[in-house]
Amino acid sequence: MELTNFNKDRSKARRKPSVDLNTMMYGKVPPQAKDLEEAVLGAIMLEKSAFDTVIEILKPECFYVDANQRIYRAMLSLQQKNQPIDILTVVEELRSKEELEMIGGPYYVTRLTNSVVSSANIDAHSRIILQKFIQRELIRISGEIISESYEDSTDVFDLLDVAESKLFEITNNHLRKNFDSIDSVLVKTVQRIEDMRNRTEDITGVPSGFVSLDKVTYGWQPSDLVILAARPAVGKTAFALNLVRNAALNPRKPTPVAFFSLEMSSAQLVQRILSAESEIMLEKISRGKMEEHEMKQLYAKGIQKLAQAPIYIDDTAALNVFELRAKARRLKNKHNIGLIIIDYLQLMSGGGGKGQNREQEISTISRNLKTLAKELMVPIIALSQLSRAVETRKDGNKMPQLSDLRESGAIEQDADMVMFIYRPEYYDIAQNEMGESNKGETHIRIAKHRNGSLETIKLRALLHIQKFQEFEEDDFGGLVSQGGTGNWKPVPPEGGAADGGGAKLFIQAGSKMNDMPFGDDDDAPF
């Protein structure tokens, strides 16, 4: 009896399917809207104005059916030729491309117009098609990320950057911002004007820390792309690091700053900031040759203050613009950074196709940096090299010009502000026209300013301690007084910080270009 029951149980087990029949019959199908695709294409051929609506929403790859993709490309081709779009012209365009038979012949094109009466709902239909396409893209990207995640050789941080870049690409390419009516913009503009009127100070952006410069710029403005250019060893990095510490250690309102260094290691950068903050020679700090009192000064005036500074350093070498964008977006979300500085632009890669030349790549980088500044609503300061045309200029005038920007004219086009650093002593000019010493004299020339005037600001460079100060006209040849001038002020002593609130100095370690104290191509202490 027991044997009989056992055999019956085995028989039932054999008859039970191993896979659910519903799963076999109804497998997962990619999100799609074939009927709406046909309706949209049919409406375009029926009404002339329909294509203007669709072209702002859909691209050929948004269509799921291959035939519909080919038809939409044919429509785009006709539109570029300023030809009408209807059944006859579309059929002829497909025939000229030898794709007519691939899509099912003239009958298929004709059938599309039978599936729609008018283009009244074409906007809604197009957006549904776009939603289905985005769903398919998310499935594709997720599948690739899952596959890469199983690989032992995968760098998880690189994978995060790739995932974030691909997701941002979908948003950037397919979710466009609609028009704003002027009445809605007026409300925001008037509110901003009222806010500025009620301010007690003139600076509306991130302060540079230099009164003379802030009088012209009113601080670094949100969404602006600022290019800071100079010849090698003039002081680009030193000046940029002064901007970093002046913003992050501002006694009134500290601003979190992200510094992307493609040339120097994070340790080198921190040494320079410590030198400026503690006023101890950089050479002594980098070689560790300091007296006991200097070590105490380094801790008291430098390390303790910088430990509370909201400064975030990334020293990844050969960073491409897509990786930078992903990292900047994460820093904005996590630490609400208010300023981004990149050192320097020519060391970045565009991450584009292999067919691009260097000028096209730099153009891509500058456009993406401007887009990033607008997206995050933060100022971006990008350091840039100048060409050797400055050195070979025959008239003896070595002051940089916009045409001296290296490798691309797109830099000056995309930038809201272009500043040049010029030091006469760099060209062995030891005296000014009055016969007075101009040691340390530095000119910050604003050559392009989309929202303000063009000025030349005088500062004094103390590169042995990596510091810039306001220039005193009556102090030729001498150092500026210990307390500084203008609006540069020492940070309050220990215990007098604004909030003591736990903002720390974070360093993201990446690939190092070198481990020497000073870069070969940038500003040395002497």
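Values below: all heavy atoms of this structure, side chains included; hydrogens, waters and symmetry mates excluded.
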Inset, instruction - List the steps and the verdict of side-chain contact (heavy atoms from CB on, under 4.5 Å) for Leu243 and Ile341. - result: CA-CA 9 Å; Leu243 300 180; Ile341 299 181; 4.3 Å; yes

Inset, instruction - Report yes if some heavy atom in the side chain of Phe51 is under 4.5 Å from a heavy atom in the side chain of Leu76; otherwise report no. - result: yes

Legend entry - Phe420 side chain reached by Ile444 side chain, heavy atoms, under 4.5 Å: no

Legend entry - Closest contact, heavy atoms only, Ala33 versus Lys132: CB-CG, 4.2 Å

Legend entry - Under 3.5 Å: donor-acceptor pair, side chain of Lys448, backbone of Ala415: yes

Legend entry - Polar side-chain atom of Arg423 near backbone of Val234 as donor-acceptor pair, under 3.5 Å: yes

Legend entry - Under 3.5 Å donor-acceptor, Tyr72 side chain and Leu58 backbone: yes

Legend entry - Interatomic spacing from CD in Gln32 to CG in Asn68 - rounded to 0.5 Å: 11.0 Å

Inset, instruction - For the residue pair Leu274 and Leu298, establish whether any side-chain heavy-atom pair is separated by less than 4.5 Å. - result: yes

Inset, instruction - Say whether, by atom type as modelled, one donor and one acceptor occur between the side chain of Glu441 and the main chain of Leu459 under 3.5 angstrom. - result: no

Legend entry - Asn242 (side chain) donor-acceptor with Ala238 (main chain) under 3.5 angstrom: yes

Inset, instruction - State whether the side chain of Gln297 and the backbone N or O of Ser278 hold a donor-acceptor pair below 3.5 Å, judged by distance alone. - result: yes

Legend entry - Shortest non-hydrogen contact between Ala258 and Ile337, atoms and distance: CB-CD1, 3.9 Å

Legend entry - Shortest non-hydrogen contact between Ile313 and Ser266, atoms and distance: CG2-CB, 3.9 Å

Legend entry - Val216 side chain near Ile457 side chain, heavy-atom distance below 4.5 Å: yes

Legend entry - Minimum side-chain heavy-atom gap Leu262-Met348 below 4.5 Å: yes

Inset, instruction - Going by the side chain to side chain contact (heavy atoms under 4.5 Å, CB included) test, name the single residue among Ile365, Leu383, Val321, Leu324 that passes it with Ile342. - result: Leu324

Inset, instruction - For the pair Lys458 and Glu470, find out whether any cationic side-chain nitrogen is under 4.0 Å from an anionic carboxylate oxygen. - result: no

Legend entry - Polar side-chain atom of Gln135 near backbone of Pro31 as donor-acceptor pair, under 3.5 Å: no

Legend entry - Modelled atom types, side-chain donor and acceptor of Lys327 and Thr316, under 3.5 Å: yes

Legend entry - Donor-acceptor pair, side chain of Glu151 and main chain of Glu148, under 3.5 angstrom: no

Inset, instruction - Start with the C-alpha gap between Val378 and Asp224, add the side-chain angles, then the distance that decides, and say whether side-chain contact (heavy atoms from CB on, under 4.5 Å) holds. - result: CA-CA 7 Å; Val378 299; Asp224 274 7; over 6 Å; no

Inset, instruction - State the CD1-CD distance between Ile465 and Glu283, to the nearest 0.5 angstrom. - result: 14.0 Å

Inset, instruction - Nearest 0.5 Å please: distance from the CE atom of Met264 over to the CG atom of Leu269. - result: 5.5 Å

Inset, instruction - Run the ring-centre check on Phe239 versus Phe210 and record whether the distance is less than 6.0 Å. - result: yes

Inset, instruction - Locate the shortest heavy-atom distance separating Ser126 from Val54; write the atom from each residue and the value. - result: OG-CG2, 3.6 Å

Legend entry - Minimum-distance pair of heavy atoms, taken over all atoms of Leu306 and Leu249: CD2-CD1, 4.1 Å

Legend entry - Note, Tyr218 side chain near Asn451 side chain (heavy atom, < 4.5 Å): no

Legend entry - Note, Ser149 side chain near Leu159 side chain (heavy atom, < 4.5 Å): yes

Legend entry - Glu455/Lys215 ion pair, N-O < 4.0 Å: no

Inset, instruction - State, yes or no, whether a side-chain contact exists between Ser384 and Gln346 at a heavy-atom distance under 4.5 Å. - result: yes

Inset, instruction - Working to the nearest 0.5 Å, report the span between CE of Met419 and CD1 of Ile446. - result: 6.5 Å

Legend entry - Tyr64, OH: over 12 other non-hydrogen atoms inside 6.0 angstrom: yes

Legend entry - Test salt bridge (Lys or Arg N to Asp or Glu O under 4.0 Å) applied to Glu137 and Lys166, step by step: CA-CA 9 Å; Glu137 285 294 285; Lys166 289 184 176 180; over 6 Å; no

Legend entry - From CE (Met417) to CG (Leu454), nearest 0.5 Å: 9.5 Å

Inset, instruction - Could you please spell out the steps behind the side-chain contact (heavy atoms from CB on, under 4.5 Å) verdict for Leu369 and Asp414? - result: CA-CA 9 Å; Leu369 291 180; Asp414 297 326; over 6 Å; no

Inset, instruction - Classify the side-chain pair Asp214/Ser208 by whether it contains a donor and acceptor separated by less than 3.5 Å. - result: yes

Legend entry - Residues Ser265 and Asp315: side-chain donor-acceptor under 3.5 angstrom: no

Inset, instruction - To the nearest 0.5 Å, tell me how far Ser142 OG sits from Ile146 CD1. - result: 6.0 Å

Inset, instruction - Looking only at non-hydrogen atoms, find the nearest pair between Gln469 and Glu279 and report the distance. - result: NE2-OE2, 4.4 Å

Legend entry - Intermediate values then yes/no, side-chain contact (heavy atoms from CB on, under 4.5 Å), Thr255 and Asn250: CA-CA 7 Å; Thr255 300; Asn250 186 284; 5.8 Å; no

Legend entry - Short side-chain to backbone donor-acceptor contact, Ser147 and Gly143, under 3.5 Å: no

Legend entry - Backbone of Ile311 reached by a side-chain donor or acceptor of Arg245 within 3.5 Å: no

